[in-house]
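Notes for the one structure printed next.
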Protein chains: 2
Amino acid sequence: MNDKRQDKVTITEVAKHAGVSTATAGRVLGGYGYSRQEIKDRVKQAAEELGYRPNLLARGLITGKTKTIGVVAGDIQSPFYASILRGIADVTRAAGFGILLTNSDEQIERELEAVQLLREKQVDGLIIAPSDLSGSPHLQAAVRDGCPVVLIDRAIKNLAADAVCVDNRAASRDCITRLTDAGHRRIGLVAELERWEGGDITDFLTAVEDGALDSSTLFPSWQRLYGYIDALRSAGLPIDPGLIGRVGVYSSEAARKETQRLLERPERPTALFTADGLMSAAAMHVITSLDLQIPRDLSLICFDDLDWMSFIKPGIAAVVQPLTEMGEAAARLMLARVEGDGSKPQYLALQPKFAARGSIAAPLAL
Amino acid sequence: MNDKRQDKVTITEVAKHAGVSTATAGRVLGGYGYSRQEIKDRVKQAAEELGYRPNLLARGLITGKTKTIGVVAGDIQSPFYASILRGIADVTRAAGFGILLTNSDEQIERELEAVQLLREKQVDGLIIAPSDLSGSPHLQAAVRDGCPVVLIDRAIKNLAADAVCVDNRAASRDCITRLTDAGHRRIGLVAELERWEGGDITDFLTAVEDGALDSSTLFPSWQRLYGYIDALRSAGLPIDPGLIGRVGVYSSEAARKETQRLLERPERPTALFTADGLMSAAAMHVITSLDLQIPRDLSLICFDDLDWMSFIKPGIAAVVQPLTEMGEAAARLMLARVEGDGSKPQYLALQPKFAARGSIAAPLAL
DNA sequence: CTATAATATGAGAACGTTCGCACATTTTCT
DNA sequence: AGAAAATGTGCGAACGTTCTCATATTATAG
């Protein structure tokens, strides 16, 4: 009922108890210099007896390394980030690192605060899903200060940092091609498409036309739109902006509304492509409520494979991103940087898989 | 191409630049003692000019507080923990705390390592989903050392720590009662039921019979079994151990196998209760593959509401646990403790909601 | 107008480690 | 054998803060 913080056994006490200097005790316990076996045993036993536990703050203060990686995720509640984080956690843990987690909710101000906090806590590096792909002075500063940065899911223009992404454009193109191959000519797209500094959808279309766009530093949903355009063009089909459902904000509500708009058009699309998990769930809501039969009334392909897609009937075809692997790769890159790897930044594009399921059929004859 | 770690602007430099002592600069920048407005301005401006950022390690070393909470989740990849974590993150962030995350995979050795690492990193407190409900000397030690511990999802016997749980027994009882009310007499249960020190299912049944069981320190799946038994008893129905699907290990594979066993019994259950998200997904797999119609061939209620349950047809009735709220509550309790609240440990039992959906019907006449 | 309290500042010691250096002792190389 | 290298140990100074204490100065009260 009395003693609270009498715990703290320091290296000094261990040293005293073992009859050596703190330096020697430090060497044994920290495992960094020379020391005789006999001394090692003595110190270790003393530490054991006193219940010594190192104070990693003190160590970090002096070594300048905390063995902690800061992670800025968009929203840890989404299966997307949760899986990536799992990958990061597994790899870092194996290397004895901890992870300090924050959510940005994809908002640059939140990201800024997060990065600031993490850096003040002296993390050894930053793994981050960035919210601003063109400026990000806070990340430029981090890189300049020698704090390794690894980007996930999207890359920042002119930032000398590693990035682990997926070739969204190719994967999306592949999906749409499957649909055109099946005979579809009116293919709807539902995507977030929130931020693009270049303007609106038609601006984007002309920018694509001009070929003046670096798809690797676009937000994923724009890359996926890019692939959609690619596929339609190679199939010789026109691009109807009315079939492009731009949700504009990352919310289930808005996605439902946009899907509903698409599916209630006079000339209903015969196939739908949803550009991420949230959109897919929202689309399913609408499809179910409109009583549309998949794939008879509507073929469907989704970006991101959610658990239910494999066991509802029919199964829903999906692009499955290697999420845990992305996290692992990002963490491995980070560990290499922390250990001093100074080679030039890597852009890693992992290959997604395609889960073919029963949601694709030829369009009904009209 | 040359300068790497020239960044570090310390309080000493700021002090020099502002023409005051480090103590004064510290007071201004740390916001803790007295200082004149004029001095404040001068120091702040100096800090601004030099781009000063406090080193939270140094601060933590001396104050003994890191403004960091350690979290030990089972598996952050599961929506269950992801949601809880989100709640924790929101509340702690608002209070300026960071969270250091680890996964235990529900294994006590992993938990032990995690707790050790977190404590060495000097976290101000530990929020943990414990893997061992009867001993846990490492947590007893934490509490003894004055490191606040808040348990989530389940409580530990004789540990003086706060806990945030859900009344699993009551929620489960409620579900089963809905099924018996609908006329079901053969109700199957699929649950993890991995660890219980008392023995096997029949031992558990007799222990329940004797009323010698504290349900609040059982693992959730056992509490849910308890509720299942409660409900059948009050309905005057016998308990058939053959209807209790004990998966025994937390794996989708095993859950599928066990569900299959139940659904291929000679006298197939007319209703099924799955005791958590993983079990539910596995059960759906099997139900779909056996081509059973819900609710005609089988009524279904699931513990934990997954997104697909609301948009597949028919919808699946589910117990929805207030996960984010649990995380928030745990974090709030933690913050109170960190700020010195020494009142006696609280056991918080949040109320789950029930999402009634079309997966419940009367059993087919035999 | 003095006594007391509140405000304001600085010097220097913490906090618990590791690091640089000096100096012994042992091993290894010509 | 002697020189050089590797190994082993301790002292005391870092690391970048906050804290304690001493000492002013100013405001408030009696």
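To find a chain, count down the sequence lines: A is the first, B the second, and so on, and within it residues start at 1.
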- Does a donor on one side chain and an acceptor on the other come within less than 3.5 Å for B:T68 and B:K121? no
- Message: How long is the straight-line distance from CZ of B:R53 back to NZ of B:K8, given to the nearest 0.5 Å?
- Response: 12.5 Å
- Message: With heavy-atom distances below 4.5 Å as the criterion, would you say the side chains of A:D75 and B:R86 are in contact?
- Response: yes
- Message: Check this one for me: any side-chain N or O of A:S21 less than 4.0 Å away from OP1 or OP2 of D:dC11?
- Response: no
- Item | side-chain contact (heavy atoms from CB on, under 4.5 Å) partners of B:E48, counting only residues at least two apart | none
Below 3.5 Å is the cut-off: list the nitrogen or oxygen pairs between protein and nucleotides 6-8 of chain D, distance only.
unit_1	atom_1	unit_2	atom_2	d
D:dT7	OP2	A:Y34	OH	3.0

- Distance-minimising heavy-atom pair for B:L57 and B:N55: N-OD1, 2.8 Å
- Query: Do A:Q37 and A:D41 get their side chains close enough for a donor-acceptor pair, meaning under 3.5 Å?
  - Reply: yes
- Item | Under 4.0 Å protein heavy-atom contact, by nucleotide of nucleotides 15-28 of chain C - B base, S sugar-phosphate only | BBBBB---------
- Under 3.5 Å, side chain of B:N103 to main-chain N/O of B:D105, donor-acceptor pair present? no
- Can you tell which of B:Q116, B:E111, B:R119 makes a side-chain contact (heavy atoms from CB on, under 4.5 Å) with B:H138? B:E111
